[in-house]
Amino acid sequence: MKDRFWAFIDGLSPLMFLLLVWLMLAPWPMGPEPHLVEKFGMFREGTLTKPIDIFDVFWHSSSH
């Protein structure tokens, strides 16, 4: 099983690998609602104005 997993990972293009990592990390932390969902809600309402919140969107949407 482990060999099939690594063969799958090796077969991915770098962009697809980053997308897979992003999809796994983007919803974290899983509090009452995922962090990115909360921040995008703030953006939609026009309350995403603090620099720390804007940085937080970029931080959680990047593949860190």
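These numbers were taken from a predicted model, which means no experiment stands behind them. Index from 1, following the sequence.
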Problem - Residues that F58 engages under side-chain contact (heavy atoms from CB on, under 4.5 Å), provided they are two or more places apart - result: I54

Residues 37-47 side chain polar contacts: donor-acceptor under 3.5 Å, at least two apart:
{"unit_1": "K39", "atom_1": "NZ", "unit_2": "D53", "atom_2": "OD1", "d": "2.9"}
{"unit_1": "T47", "atom_1": "OG1", "unit_2": "M42", "atom_2": "O", "d": "3.3"}

Handout entry: Path from F8 to W6 over hydrophobic side-chain contacts below 4.5 Å
Key = yes

